[in-house]
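Taking it in order: structure first as structure tokens, then the write-up.
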There are 2 protein chains.
Amino acid sequence: MPDAALWTALADPHRRAIVALLLERPRSVGEIVEACGLSQPSTSKHLKVLREAGLVRVRQDAQRRVYALDPGPIAALDAWLAPYRALWNKSLDALGRRLDETPDTPEPPAAKD
Amino acid sequence: MPDAALWTALADPHRRAIVALLLERPRSVGEIVEACGLSQPSTSKHLKVLREAGLVRVRQDAQRRVYALDPGPIAALDAWLAPYRALWNKSLDALGRRLDETPDTPEPPAAKD
DNA sequence: GCGTTATATACGCGTCAAGGAATATGACCG
DNA sequence: CGGTCATATTCCTTGACGCGTATATAACGC
């Protein structure tokens, strides 16, 4: 089960926006500030939350701090989600199982009705 | 992108517990109250949030209301998660854990650095 | 109808998180 | 060493959320 901090971090739309930004590529705080239209302190605080949830890592580049996504927690989210896939796989079974082929997906335990 | 209400709903640990309970099987409010140890009104309020997020559906059975999971929103979460899968697939690879190269892995869009 | 069971809503309270303004820290450049 | 840029932190206010108690609604059995 993902840590509570992970959910709390992703519960905020601004933070999800930041995460989406960082999915494209790592960015400095200034870029993030400009991209999501928040004030710099607010952005810094959101980044702190994301940092403490383990979602992002910082690389210090001179005065700039470049934030990048850390895949771990999102993978944990995916793992949390795994048991629920049986739910809609059941209904979309006709479409085939090609929705996802992650190699580490252990077949969820017996989801029968 | 999943609705904000979905994230808000899942941000609460009790609500995630309820969702997990409903994954096993649909349950009445009374069962949920007993299972997660909250007061009945609190549970009802959490169920309301889950309902408004579309995560659960209610079936009225006499005086009882049986709640069941709705796969839709969780599928939406999975869809939101999809772009991020490339991240940890890539990072596992970068760590040198050559997972037999997964020759059949359909690389989703744009994996740039 | 009445009482009982099952669930929902209203109200009040405490806590927590978000946002802005101001300020602090820290690294670069001269 | 002083100035400046980039980022973090602090203080404060405000609004949302969660909980519990008490109450309302609705369906059942008699």
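For the numbers below, each heavy atom of this structure counts, side chains included, while hydrogens, waters and symmetry mates do not. Order of the sequence lines sets the chain letters (A, B, ...), proteins ahead of strands, with each chain counted from 1.
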Exercise. Under the side chain to side chain contact (heavy atoms under 4.5 Å, CB included) rule, collect the residues that match up with B/Ala53, sequence neighbours excluded.
Key: B/Ala5, B/Ala9, B/Leu55

Self-check item: Chi angles and distances behind the side-chain contact (heavy atoms from CB on, under 4.5 Å) call for A/Leu10, B/Trp80
Solution: CA-CA 12 Å; A/Leu10 288 175; B/Trp80 178 90; 4.2 Å; yes

Quiz item: How long is the line joining NE2 of A/His14 and C1' of C/dA18, in whole Å?
Solution: 10 Å

Quiz item: B/Arg15 CZ to D/dC19 C1': how many Å, rounded?
Solution: 13 Å

Quiz item: In whole Å, what is the span from the CG atom of A/Leu50 to the C1' atom of D/dT7?
Solution: 15 Å

Practice problem: Check side chain to side chain contact (heavy atoms under 4.5 Å, CB included) between B/Pro41 and all other residues, then give those that pass, not counting sequence neighbours. | Solution: B/Ser39

Practice problem: Would you list the pairs meeting salt bridge (charged side-chain N to carboxylate O under 4.0 Å, His left out) in which at least one residue belongs to residues 39-56 of chain B, sequence neighbours left out? | Solution: none

Quiz item: Tell me, for nucleotides 2-14 of chain C in 5' to 3' order, what letter each nucleotide earns: B for a base near a protein heavy atom under 4.0 Å, S for only sugar-phosphate near one, - for neither?
Solution: ----SBBBBB---

Quiz item: To the nearest angstrom, how far is B/Gln60 atom CD from D/dT25 atom C1'?
Solution: 11 Å

Practice problem: Rounded off to whole Å, could you give me the CH2-to-P distance for the A/Trp7 and D/dG18 pair? | Solution: 15 Å

Quiz item: Is any side-chain nitrogen or oxygen of A/His46 closer than 4.0 Å to OP1 or OP2 of C/dA17?
Solution: no

Quiz item: Residues in side chain to side chain contact (heavy atoms under 4.5 Å, CB included) with A/Gln40, at least two apart?
Solution: A/Val33, A/Ser44

Quiz item: Got a sec, which pairs hit salt bridge (charged side-chain N to carboxylate O under 4.0 Å, His left out) with one end in residues 53-71 of chain A, sequence neighbours left out?
Solution: A/Arg57-A/Asp70

Quiz prompt | Protein-nucleotide distance (A/Arg59, atom CZ; C/dA27, atom P), rounded to Å | solution = 16 Å

Self-check item: Comparing A/Asp12 and A/Asp61 on DNA chain C - which has the more 5′ nearest nucleotide
Solution: A/Asp12

